[in-house]
Amino acid sequence: MPELPEVETTRLGIEPLISGCRIARVELRVPKLRWPLDPRLPALLVGQSIRSVGRRAKYLLFYLDAGCLLLHLGMTGNLRVVPQSSPAAKHDHVDICFVDGRCLRFSDPRRFGALLFVPDQPLEHPLLSKLGPEPLSAELDGRYLYRRSRNRTLPVKPFIMDQQIVVGVGNIYASEALFMAGIRPGRAAGRISEKAYARLTEAIKQVLRAALAAGGTTFSDFRRVDGRPGYFKQQLLVYGREGEPCPRCAAVIVAIRLGQRSTFYCRRCQS
DNA sequence: AATCGCGCCTGACGGC
DNA sequence: TGCCGTCAGGCGCGAT
């Protein structure tokens with residue numbers, strides 16, 4: 001599910017509710033998510049307070065008194081803050097319970113999410129150390145994408161979804177940004193001009209900012225911390241709109257598969 | 001080094 | 001009604 005706007009929406013919703021809270025208990029209800037959960041997790045966390053909640057790429061970082069808890073929402077994960085007395089539903093896999101009676105509840109039907117404790121230097125962790133720049137930072141510009149794409153033959157859509165190139169862009173926003181920039185998703189990344197990459201860069205920033213302002217996109221699973229969906233789905237221009245008229249030229253939006261992922265674009269507006 | 005395709009899971013949906 | 005195949009917003013891994 002979640003791309004950068006959804007993860008950041010989650011972070012913004014959660015941080016004011018849980019920062020400063022001391023952990024009293026941790027309940028693990030499944031043995032593994034993407035990877036086996038460390039059974040020492042409760043012992044490592046109990047007694048510690050959450051100092052702040054950060055984000056790097058699509059990972060949430062819960063900074064503790066000592067160490068950091070790394071959480072990835074996978075495709076279907078979501079976080080809620082609920083009273084500990086509220087009964088756990090089917091896919092509520094982990095509760096981080098605080099001394100005040102509330103808990104942070106991680107739910108993830110497909111269990112592609114991840115949760116691991118990192119004792120120190122979380123940004124140096126192998127999962128984070130090789131990630132590309134944040135898309136909303138100045139580090140991402142047309143020149144950067146142009147430079148990184150030289151001699152690359154893969155299609156530009158999987159290229160911008162590669163987290164080592166730029167983080168936070170998933171399948172939905174990749175289609176949207178390429179439409180906004182007028183670039184066909186199947187074109188080889190290495191054969192796109194610096195000028196076109198400048199347009200693509202601006203499109204990526206624009207769509208991510210707009211989606212963030214709308215609280216993210218809910219296609220099926222994504223929920224904000226308060227349980228409400230994200231409202232950006234209504235503003236999607238091409239994603240999920242196969243057969244509908246292009247919002248710009250009214251030609252029919254087509255769907256193709258690129259790197260085993262559904263991809264939407266307008267044959268007339270994108271070249 | 002780059003690229004491709006698989007698999008991890010569950011659930012929803014369409015066709016028969 | 002049930003069974004089967006396909007698809008879903010991510011990502012790491014192994015093979016080539």
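Chain A is the first sequence line, chain B the second, and so forth, proteins listed ahead of strands; every chain is numbered from 1.
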For residues 257-265 of chain A, please give each side-chain donor-acceptor pair under 3.5 Å, one per line with the distance, not counting sequence neighbours.
unit_1	atom_1	unit_2	atom_2	d
A:Arg257	NH2	A:Gln260	O	2.7
A:Thr263	OG1	A:Lys157	NZ	2.9
A:Thr263	OG1	A:Arg261	O	3.1

Taking distance alone, no hydrogens or angles, what donor-acceptor pairs closer than 3.5 Å link side-chain atoms of residues 202-210 of chain A to residues at least two apart or in another chain?
unit_1	atom_1	unit_2	atom_2	d
A:Lys205	NZ	A:Pro135	O	3.0
A:Lys205	NZ	A:Ser137	O	2.7
A:Lys205	NZ	A:Leu140	O	3.0

Identify all side-chain donor-acceptor contacts of residues 96-104 of chain A below 3.5 Å with residues at least two apart in sequence or on another chain.
unit_1	atom_1	unit_2	atom_2	d
A:Asp100	OD1	A:Arg102	N	3.0
A:Asp100	OD2	A:Arg102	NE	2.9
A:Asp100	OD2	A:Arg102	NH2	3.0
A:Arg102	NH1	A:Leu17	O	3.1
A:Arg102	NH2	A:Leu17	O	2.8

Donor-acceptor contacts, no H, no angles, side chain residues 141-150 of chain A, under 3.5 Å, sequence neighbours left out:
unit_1	atom_1	unit_2	atom_2	d
A:Asp141	OD1	A:Arg143	N	3.4
A:Asp141	OD1	A:Tyr144	N	2.9
A:Tyr144	OH	A:Arg148	NH1	2.9
A:Tyr144	OH	A:Ile165	O	2.7
A:Ser149	OG	A:Leu145	O	2.9
A:Ser149	OG	A:Tyr146	O	2.9
A:Arg150	NE	A:Tyr146	O	2.9
A:Arg150	NH1	A:Gly190	O	3.0
A:Arg150	NH2	A:Ile192	O	2.8

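Going from atom OH of A:Tyr173 over to atom C1' of C:dA8 covers 15 Å, rounded to whole Å. Rounded to an integer number of Å, the gap from A:Leu131 CG to C:dG12 P is 8 Å. When rounded to the nearest whole Å, the span between CE of A:Met75 and P of B:dG11 equals 14 Å. For A:Asp162 and B:dA1, the CG to C1' distance is 13 Å, given to the nearest whole Å. In this structure, A:Glu6 atom CD and C:dA8 atom P are separated by 16 Å, rounded to whole Å. One can place CG of A:Leu60 at 12 Å from P of C:dC11, the figure rounded to the nearest angstrom. Counting to the nearest Å, the P atom of C:dG12 and the NE2 atom of A:His125 are 11 Å from each other. Straight-line distance from the CG atom of A:Leu4 to the C1' atom of C:dG10: 14 Å, rounded to whole Å.
Regarding contacts with the backbone of B:dG11, a side-chain N or O of A:His91 is found under 4.0 angstrom from either OP1 or OP2. Checking the phosphate oxygens (OP1, OP2) of C:dG10, no side-chain nitrogen or oxygen of A:His72 falls inside 4.0 Å. Side-chain nitrogen and oxygen atoms of A:Lys90 include none within less than 4.0 Å of the OP1 or OP2 phosphate oxygen of B:dT10.
In the set C:dC11, C:dG12, C:dA8, the nucleotide with an atom closest to the side chain of A:Tyr59 is C:dG12.
To the nearest 0.5 angstrom, A:Thr9 atom OG1 is 13.0 Å from A:Arg223 atom CZ.
Here A:Lys130 lies out of heavy-atom contact (under 4.0 Å) with every strand.
At a non-hydrogen distance threshold of 4.0 Å, nothing from residues 236-248 of chain A comes into contact with DNA chain B.
In this view, A:His125 satisfies the ring-ring contact (aromatic ring centres under 6.0 Å, His included) rule with no residue, not counting sequence neighbours. For A:Phe106, there are no ring-ring contact (aromatic ring centres under 6.0 Å, His included) partners two or more places apart in sequence or in a different chain. Take A:Arg51 and apply the salt bridge (Lys or Arg N to Asp or Glu O under 4.0 Å) test, not counting sequence neighbours, and it matches A:Asp65. Checked against salt bridge (Lys or Arg N to Asp or Glu O under 4.0 Å), A:Asp95 has the following partners two or more places apart in sequence or in another chain: A:Arg29, A:Arg105.
Taking atom C1' on both nucleotides, B:dT3 is separated from C:dG9 by 23 Å, rounded to a whole Å. Rounded to a whole angstrom, the distance from the P atom of B:dC6 to that of C:dT6 is 12 Å. Remark: the separation of the P atoms in C:dC3 and B:dC9 is 23 Å, to the nearest Å.
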Point to revise | Trace of the side chain to side chain contact (heavy atoms under 4.5 Å, CB included) decision for A:Phe117 with A:Cys68 | key: CA-CA 6 Å; A:Phe117 179 79; A:Cys68 182; over 6 Å; no
Study note, to complete from the structure: A correct dot-bracket answer for DNA chain C, with pairs being Watson-Crick or G-U at under 3.5 Å, [ ] for crossing pairs and | for inter-strand pairs, is .|||||||.|||||||
Study note, to complete from the structure: Once base and sugar-phosphate atoms are separated, protein heavy atoms under 4.0 Å mark nucleotides 2-8 of chain B, 5' to 3', with B, S and - as SS-B-BB
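A side-chain donor-acceptor contact under 3.5 Å links A:Thr217 and A:Tyr173.
Within the structure, the salt bridge (Lys or Arg N to Asp or Glu O under 4.0 Å) test picks out the following pairs touching residues 7-26 of chain A (sequence neighbours left out): A:Glu8-A:Arg11, A:Glu8-A:Arg55, A:Arg11-A:Glu15, A:Arg25-A:Glu27.
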